[in-house]
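In what follows, chains carry the letters A, B, and so on, assigned in the order in which the sequence lines appear, proteins first and then strands, with residues in each chain numbered from 1.
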Amino acid sequence: MCGRFAQATGDRGLIDAFSIHQVMASELGPSWNVAPTHPAYVILERYEDAAGPVTDATAASPALTRQLRTLRWGLVPSWAKDPAIGSRMINARSETVTEKPSFRTAAGKRRCLVPAAGYYEWQKLGTGSRPRKQPYFLHGGDLDTPPGSEPLLAFAGLYEAWRDPSLPEDHPDPWLRTFTVLTRPATDALGHIHDRSPVLVPRELHGDWLDPDLTEVDSLMAAIPEPHLSPRPVSPAVGNVGNNGAHLIEPIELDGAPPSDSSTDSP
DNA sequence: CCAGACGTTGTT
DNA sequence: GTCTGG
DNA sequence: CCAGACGTTGTT
DNA sequence: GTCTGG
């Protein structure tokens with residue numbers, strides 16, 4: 001699963017890391033608590049008219065352009081009547097994404113990458129009527145990686161554009177652009193915390209994943225290896241979407257256990 | 001034909 | 001938009 | 001994902 | 001319990 005993540009790398013760093021051609025993003029500060037409906041940076045590839053504004057009469061052929069954009073988390077399908085549906089479209093199962101009406105069009109030609117330092121998951125602990133929820137920060141480093149030095153991850157995502165009918169005909173940009181994060185069954189190593197994990201696209205597959213002309217999504221998906229991630233117990237403060245800051249990914253001591261992972265939960 | 005759904009997670 | 005259920 | 005609301009009438 | 005908002 002992936003219902004909360006950290007995106008701490010700024011536009012400059014992302015331009016370098018993902019070979020961005022064009023920045024079409026509103027600037028975002030770093031966030032260690034990106035929640036559904038929040039804006040986040042994504043990388044996508046589109047055909048852009050190379051032609052200049054008015055004066056260029058010779059229509060240049062459109063060029064495939066890798067862009068950095070700021071999209072809202074929670075995919076709103078183009079046919080949606082109410083954009084609130086996006087809150088429940090934050091993830092898409094990779095196993096069924098090419099079949100589901102809400103996702104399959106985007107899966108074919110609107111794939112994107114979502115850069116992240118890591119993501120959070122909550123482990124349910126305790127037997128009583130008041131089970132505690134312990135959040136973990138999952139990242140691409142090892143157990144000794146200092147907070148803030150985690151390697152940059154790239155979630156597999158899909159994006160859509162929804163025309164907001166409440167905006168006037170002549171509105172300069174009446175489109176709400178949104179994205180979702182694909183999930184897959186978690187490996188055994190992570191399965192004891194949660195049974196789903198985001199799909200992580202390795203660097204050598206970034207080009208294929210973003211290419212809107214590659215429509216063989218299932219073979220693309222099959223080429224993506226299992227993620228290798230480390231869990232780090234963190235403060236429950238991340239639960240409140242109003243909290244933010246680098247302290248949210250700092251390790252904490254678990255009661256009666258060292259800050260490595262262990263299955264201290266109940267049956 | 002029209003009407004209504006279209007999703008994931010986790011929990012039991 | 002497109003599919004399913006009635 | 002978690003946190004927080006979940007309602008109406010009428011009055012200040 | 002379940003839905004909405006973030």
Side-chain angles (χ1 to χ4, degrees), chain A residues 1-7 28-29 31-40 70-110 114 116-139 153 155-165 175-176 178-186 190-199 229 231-245 248-249 263 265-267:
Chain A
M1 107 38 241
C2 182
R4 213 71 77 79
F5 65 95
Q7 195 173 69
L28 290 178
S31 176
W32 292 267
N33 202 351
V34 182
T37 73
H38 287 189
T70 306
L71 269 50
R72 196 179 86 163
W73 188 13
L75 188 139
V76 179
S78 58
W79 41 259
K81 292 181 189 70
D82 183 351
I85 193 172
S87 298
R88 299 186 293 283
M89 302 274 190
I90 63 170
N91 293 136
R93 295 174 72 95
S94 56
E95 304 96 306
T96 56
V97 75
T98 55
E99 303 158 13
K100 299 293 185 182
S102 296
F103 299 130
R104 60 184 170 192
T105 316
K109 49 188 188 193
R110 282 188 297 277
V114 184
Y119 65 99
Y120 301 94
E121 53 189 28
W122 281 259
Q123 184 177 38
K124 279 149 202 61
L125 301 171
T127 50
S129 54
R130 297 266 164 251
R132 203 165 57 84
K133 286 185 176 180
Q134 173 60 50
Y136 286 79
F137 182 64
L138 280 287
H139 61 91
L153 306 178
F155 299 149
L158 309 175
Y159 69 95
E160 269 291 358
W162 179 79
R163 165 68 219 228
D164 188 339
W175 298 96
L176 175 67
T178 58
F179 71 95
T180 191
V181 173
L182 302 205
T183 64
R184 64 187 292 163
L190 297 173
H192 72 275
I193 299 178
H194 268 289
D195 63 351
R196 309 277 309 167
S197 74
V199 176
L229 297 167
R232 178 194 298 159
V234 294
S235 160
V238 69
N240 190 320
V241 299
N243 293 332
N244 213 326
L248 295 178
I249 66 169
S263 300
D265 56 338
S266 52

- prompt: Across all strands, who's sitting opposite B:dT8 as a Watson-Crick or G-U wobble pair, both distances under 3.5 Å?
  reply: none
Under 3.5 Å donor-acceptor, A:Arg232 side chain and A:Ile249 backbone: yes
- request: Provide, to the nearest angstrom, the distance between the OH atom belonging to A:Tyr120 and the C1' atom belonging to D:dC1.
  value: 12 Å
Table of protein N/O atoms under 3.5 Å from nucleotides 2-9 of chain B N/O atoms:
from, atom 1, to, atom 2, distance (Å)
B:dC6, O3', A:Ser102, OG, 3.0
B:dG7, OP1, A:Pro101, N, 3.3
B:dG7, N2, A:Arg88, NE, 3.0
B:dT8, OP1, A:Arg93, N, 3.0
B:dT9, OP1, A:Thr183, OG1, 2.8
B:dT9, OP1, A:Arg196, NE, 3.4
B:dT9, OP2, A:Arg93, NH1, 2.9

Review item, side-chain donor-acceptor pairs of residues 92-103 of chain A, under 3.5 Å, at least two apart:
from, atom 1, to, atom 2, distance (Å)
A:Ser94, OG, A:Thr183, O, 2.7
A:Glu95, OE1, A:Arg196, NH2, 2.9
A:Glu95, OE2, A:Arg196, NH1, 2.8
A:Glu95, OE2, A:Arg196, NH2, 3.3

- request: Look at all strands and tell whether A:Arg104 reaches a base, only sugar-phosphate, or nothing, counting heavy atoms closer than 4.0 Å.
  value: sugar-phosphate
query: Under the 3.5 angstrom rule, does the side chain of A:Trp73 hit a backbone N or O of A:Ile90 as a donor-acceptor pair?
result: yes
task: Using the P atom on both, measure B:dC2 against D:dT9 and round to a whole Å.
output: 37 Å
Closest heavy-atom pair and its distance - A:Thr70, A:Leu28: CG2-CD1, 3.7 Å
task: In whole angstrom, give me the gap between the P atoms of E:dG5 and D:dT8.
output: 15 Å
message: Both distances below 3.5 Å, Watson-Crick or wobble geometry, any strand: find the nucleotide opposite E:dG5.
response: D:dC2
- prompt: What distance, rounded to whole Å, do you find between the two P atoms, one in C:dT4 and one in B:dG7?
  reply: 11 Å
- line: Applying side chain to side chain donor-acceptor pair (under 3.5 Å) to A:Asp164 and not counting sequence neighbours gives A:Ser166
- prompt: So, A:Thr180 versus A:Asn91: side-chain donor-acceptor pair below 3.5 Å or not?
  reply: no
task: Please name all residues satisfying salt bridge (charged side-chain N to carboxylate O under 4.0 Å, His left out) with A:Arg184, sequence neighbours left out, ordered by chain then number.
output: none
Output one line per pair: protein atom, nucleotide atom from nucleotides 4-6 of chain C, and distance, for all N/O pairs under 3.5 Å.
none

task: Please identify each residue that fulfils side chain to side chain donor-acceptor pair (under 3.5 Å) with A:Thr105, with sequence neighbours left out.
output: none
message: In terms of relative ring orientation, are A:His139 and A:Phe137 parallel, tilted or perpendicular, with 30° and 60° separating the classes?
response: parallel
field: Integer angstrom distance from the C1' of D:dG10 to that of B:dC1
entry: 48 Å
message: Applying a 4.0 Å non-hydrogen cut-off, can you work out what A:Pro36 is touching in the nucleic acid: base, sugar-phosphate, or nothing?
response: base
